[in-house]
Amino acid sequence: MEILTASLLDLNALRKLESACFDKDSWPFLDLIAVLSFPEVIRLKAVDDNQMIGFAAGDPRPSDGFAWIATIGVHPHYQRRGIGRALLRACESQLNVPRIKLTVRMSNFGAVALYEQEGYRTTDIWKAYYDDGEDGVVMEKIKV
Ligand SMILES: CC(C)(COP(=O)(O)OP(=O)(O)OC[C@H]1O[C@@H](n2cnc3c(N)ncnc32)[C@H](O)[C@@H]1OP(=O)(O)O)[C@@H](O)C(=O)NCCC(=O)NCCS
């Protein structure tokens, strides 16, 4: 498995990966184009045997002093092999800001466990943040 910078050429693969990973939370097509083309975004893909098996994107907001992890997903067949952690770390290291934030579904215990292990702490709850009314947990990490 290698972690590489993604580009618009990965649009089709990202679409498939998104629907495999996120189902009802999959991003709309235009958001996928944006994440693969906006100049400031950090976009990383995990590749195995020429296939995209994971993806993470970071959105730096230097004027706010923090960045958002905008998305992170690993294909279900490849989960629990350390790929999510590797993508998260690679994305953080390329984000040139001291604080990093992300939002996660309250029920997404696996992702929350990963983020806590990586030093994220809950800083806020956004009520009914997701389309089905579930709350979003805002987590934050100060880079050392
Ligand atoms: C969240 C996600 C990116 C994690 O990717 P991953 O490659 O499976 O994660 P890792 O293998 O690096 O996991 C690292 C640790 O996090 C924790 N963890 C990850 N997934 C877990 C799960 N489903 N249940 C419990 N703990 C979990 C474990 O402690 C794990 O270490 P271990 O496997 O040695 O026990 C992946 O499950 C995913 O794509 N889920 C669907 C999309 C999603 O929910 N994305 C996050 C939105 S905020």
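Atoms within each ligand, like the ligands themselves, are counted from 1 in listed order.
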Worksheet item: Do other residues, nucleotides or ligands put more than 12 heavy atoms under 6.0 Å from the CG atom of Asn96?
Response: no

Residues 75-91 vs side-chain hydrogen bond (donor to acceptor under 3.5 Å, both in side chains), sequence neighbours excluded, gives Arg85-Gln117, Arg85-Glu118, Arg89-Glu118

For Glu134, the side chain to side chain donor-acceptor pair (under 3.5 Å) test, sequence neighbours excluded, returns Arg105, Ser107

Original post:
Charged N to carboxylate O under 4.0 angstrom, Glu40 versus Arg61?
Top reply: no

The complete set of side-chain hydrogen bond (donor to acceptor under 3.5 Å, both in side chains) pairs with one or both residues in residues 4-21, sequence neighbours excluded, reads Asp10-Lys45

Here the gap from Gln94 atom CD to Ile3 atom CD1, rounded to the nearest 0.5 Å, amounts to 9.5 Å

Sorted by chain and residue number, the residues having a heavy atom closer than 4.0 Å to an atom of ligand 1 are Cys21, Phe22, Ile72, Gly73, Val74, Gln79, Arg80, Arg81, Gly82, Ile83, Gly84, Arg85, Thr103, Val104, Asn108, Gly110, Ala111, Leu114, Tyr115, Gln117

